[in-house]
Amino acid sequence: MVTVIKHRRVNIVTLAEGEAVLEHCGSGDIALVQDAAGWWVHFVGEDGAIDSYDAAFPSYNKALWTAKAAAEFSSE
């Protein structure tokens, strides 16, 4: 089930296992996706390109706070 939090006019989208980023996210959105390594923070670009950090975060809360910080930075 997809959950969306709007922070500084940026959608932070949490996806359930098996949900595809580009099916639920648009340009400028940040996606949080969990796998066996942890929680990944993905940034969706203008052309559908997805950029991510080099490593997963150990918890949802750390990934969410990182996404919120990135949203604040991008809104400046």
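Hydrogens, waters and symmetry mates are skipped; everything else that's a heavy atom, side chains included, is used.
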For residues 45-60, dump all side-chain donor-acceptor pairs below 3.5 Å to protein atoms at least two apart in sequence or in another chain.
{"from": "Glu46", "atom 1": "OE2", "to": "Ser27", "atom 2": "OG", "distance (Å)": "3.3"}
{"from": "Asp47", "atom 1": "OD1", "to": "Ala49", "atom 2": "N", "distance (Å)": "3.1"}
{"from": "Ser52", "atom 1": "OG", "to": "His42", "atom 2": "ND1", "distance (Å)": "2.3"}
{"from": "Ser59", "atom 1": "OG", "to": "Lys62", "atom 2": "N", "distance (Å)": "3.2"}
{"from": "Tyr60", "atom 1": "OH", "to": "Thr14", "atom 2": "OG1", "distance (Å)": "3.4"}

So, for Cys25 and Val44, which heavy atoms are closest and what is the spacing to 0.1 Å?
CB-CG2, 3.8 Å
Indicate if Trp40 and Phe43 have the same hydrophobic cluster label, given that clusters are the connected sets of ILVMFWY residues with side-chain heavy-atom separations under 4.5 angstrom.
no
List for me each residue that meets side-chain contact (heavy atoms from CB on, under 4.5 Å) alongside Asn11, sequence neighbours excluded, and say none if there are none.
Val4, Lys6, Val13, Asp29
Shortest non-hydrogen contact from Ala71 toward Val10
CB-CB, 3.8 Å
First locate atom NE2 of His7, then atom CH2 of Trp65, and finally report the distance between them rounded to the nearest 0.5 Å.
7.5 Å
Check the hydrophobic clustering (I, L, V, M, F, W, Y; side-chain heavy atoms under 4.5 Å; chains of links allowed) and say if Ile5 and Val33 are grouped together.
no
Looking only at non-hydrogen atoms, find the nearest pair between Ala63 and Val41 and report the distance.
O-CG2, 3.7 Å
Closest non-hydrogen atom pair, Ala70 against Ile30:
CB-CD1, 4.2 Å
For the residue pair Ala67 and Leu32, what are the closest heavy atoms and their distance?
CB-CD2, 4.1 Å
